[in-house]
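For reference, the structure discussed in these notes is given below.
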Amino acid sequence: MDWDNARIFLAIQRAGTLRGAAEQLQIDQATVGRRLNAMEKSLGARLFLRTPAGYVATPAGDLAIAAVEKMEQAADQLQRQMQGIDERLCGVVRVAATDTMAKHVLMPAMQQLAAEHPAIRVVLTTSTQVSNLTRREADLAVRSLRPTSPDLISRHLKRLAVGLYASKAYVERHGMPQPGSALAGHDVVMYQRAIYTSQIETICGESTANARVAMEVSSGLMLMEAVAAGLGIGELPTYMADTVPQLVRLWPDRSEPYDMWLVLHDDLNRTARVRAVADAIVAAYDKLETA
């Protein structure tokens with residue numbers, strides 16, 4: 001199986017459908033189907049079962065997965081190593097971050113980068129999902145958790161904090177919550193349970209057992225918008241929420257710290273364009289004022 005076919009095989013295995021694989025690879029769905037049929041014919045084995053729920057690997061397919069993933073790892077490593085000796089300040093750099101970090105920190109960094117290195121094109125992905133740097137889903141990632149992989153380099157950016165906030169209109173309607181009351185008589189806005197299960201029981205050290213969950217959101221930017229709209233009390237980064245005029249910080253003496261990390265693969269550490277983007281992000285965090 002050559003590398004082109006291996007990529008198609010992996011895309012089908014990961015997406016579970018021909019259509020999903022085609023979207024991943026940006027090729028025609030019919031082409032994916034033809035290539036899969038040709039692979040199975042040449043190997044003399046069925047690689048996937050076609051089920052109503054999608055394509056499921058057969059025992060032969062399971063054997064192929066391990067071998068093909070090794071091919072993928074070798075190809076990715078070669079690409080990273082070739083990038084690692086690239087001294088040109090031009091080309092594409094893929095960056096992954098949350099939407100709040102992108103809006104409040106990365107955008108100023110990218111403005112400065114564009115002024116200094118206009119030939120560098122940044123591809124920015126904002127998501128709550130952790131991008132896989134080993135598979136080159138991103139070249140750089142800004143994360144609140146430090147990865148443990150020995151292949152990744154982590155640089156500490158800043159220690160930040162979250163606090164409790166509500167809109168001025170919400171406080172006028174509901175009053176201030178009482179510490180230790182588990183937010184009785186109040187509404188809260190929280191992350192969806194499927195995304196951040198650890199934050200469901202408490203926010204900023206206060207139990208939410210007696211509160212009504214008015215809304216669950218999937219991103220920090222939407223959490224901010226919901227709190228600002230007066231839908232409930234929420235746990236927000238202080239550096240961000242303190243700049244919003246319609247918000248009031250509740251219990252200013254309470255906060256929860258967290259750290260931000262800039263992460264990149266060791267093979268890309270010497271690539272000029274990646275270093276330039278990394279330096280711009282570090283500089284933006286250095287300027288960030290925290291409570």
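Counting from 1, the numbers follow the sequence of the chain as shown. Since the model is a prediction, treat every value here as computed from it, not as a measurement. In what follows, every heavy atom counts, from backbone to side chain, and hydrogens, waters and symmetry copies are set aside.
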[Y] reachable from [X] in the ILVMFWY side-chain graph, under 4.5 Å edges:
{"X": "L140", "Y": "M107", "answer": "yes"}
{"X": "V56", "Y": "L63", "answer": "no"}
{"X": "F9", "Y": "L49", "answer": "no"}
{"X": "I233", "Y": "M176", "answer": "yes"}

ask   = With a 4.0 Å cut-off, would you call R275 and D279 a salt bridge?
value = yes
Pair R249 + E235: basic N to acidic O under 4.0 Å = no
key: Derivation of the side chain to side chain contact (heavy atoms under 4.5 Å, CB included) call for D139 and L264   = CA-CA 6 Å; D139 300 316; L264 71 158; over 6 Å; no
query = Restricting to pairs with a member in residues 182-191, which pass salt bridge (Lys or Arg N to Asp or Glu O under 4.0 Å), not counting sequence neighbours?
reply = D187-R212
[atom1]-[atom2] distance between [X] and [Y], expressed to the nearest 0.5 angstrom:
{"X": "M101", "Y": "T126", "atom1": "CE", "atom2": "OG1", "value": "13.0 Å"}
{"X": "R50", "Y": "T17", "atom1": "CZ", "atom2": "OG1", "value": "12.5 Å"}
{"X": "I120", "Y": "R88", "atom1": "CD1", "atom2": "CZ", "value": "11.5 Å"}
{"X": "L160", "Y": "S255", "atom1": "CG", "atom2": "OG", "value": "11.0 Å"}
{"X": "T271", "Y": "L89", "atom1": "OG1", "atom2": "CG", "value": "11.0 Å"}
{"X": "T98", "Y": "M260", "atom1": "OG1", "atom2": "CE", "value": "6.0 Å"}

Counting C-beta onward and ignoring hydrogens, is there a side-chain heavy-atom pair between [X] and [Y] closer than 4.5 Å?
{"X": "P179", "Y": "R254", "value": "yes"}
{"X": "E40", "Y": "N37", "value": "yes"}
{"X": "V123", "Y": "V95", "value": "no"}
{"X": "L183", "Y": "I203", "value": "yes"}
{"X": "H265", "Y": "I153", "value": "no"}

Looking only at heavy atoms, what is the nearest atom pair of [X] and [Y], with distance?
{"X": "P257", "Y": "R159", "answer": "CB-CD, 4.2 Å"}
{"X": "M190", "Y": "L223", "answer": "N-CD1, 4.0 Å"}
{"X": "M240", "Y": "T243", "answer": "O-OG1, 2.7 Å"}
{"X": "V227", "Y": "A166", "answer": "CG1-CA, 3.8 Å"}
{"X": "T100", "Y": "G220", "answer": "CG2-C, 3.2 Å"}
{"X": "W251", "Y": "P177", "answer": "NE1-O, 3.2 Å"}

request  = Carefully, step by step, assess E23 and R14 under the rule salt bridge (charged side-chain N to carboxylate O under 4.0 Å, His left out).
outcome  = CA-CA 12 Å; E23 290 175 352; R14 288 167 180 165; over 6 Å; no
query = When you look at CG of L145, are more than 12 heavy atoms from neighbouring residues, nucleotides or ligands closer to it than 6.0 Å?
reply = no
N/O donor-acceptor pair under 3.5 Å between [X] side chain and [Y] backbone:
{"X": "N210", "Y": "S181", "value": "yes"}
{"X": "T238", "Y": "G163", "value": "no"}
{"X": "T208", "Y": "E201", "value": "yes"}
{"X": "R273", "Y": "V92", "value": "yes"}
{"X": "T31", "Y": "I27", "value": "no"}

task = Go through M224 and V244 one step at a time and tell me if the side chain to side chain contact (heavy atoms under 4.5 Å, CB included) criterion holds.
result = CA-CA 9 Å; M224 170 83 145; V244 181; 2.8 Å; yes
key: Test side chain to side chain contact (heavy atoms under 4.5 Å, CB included) applied to V105 and L288, step by step   = CA-CA 8 Å; V105 186; L288 191 64; 4.2 Å; yes
task = Walk me through it: do L36 and Y55 pass the test side chain to side chain contact (heavy atoms under 4.5 Å, CB included)?
result = CA-CA 11 Å; L36 174 60; Y55 279 54; 3.7 Å; yes
remark   = side chain to side chain donor-acceptor pair (under 3.5 Å) pairs touching residues 106-121, sequence neighbours excluded, are Q112-E116
message = Strictly by side chain to side chain donor-acceptor pair (under 3.5 Å), give each pair with a member in residues 165-180 just once, sequence neighbours left out.
response = Y165-D242, Y170-H186
Ring geometry between H156 and W261 (parallel below 30°, tilted from 30 to 60°, perpendicular above 60°) = perpendicular
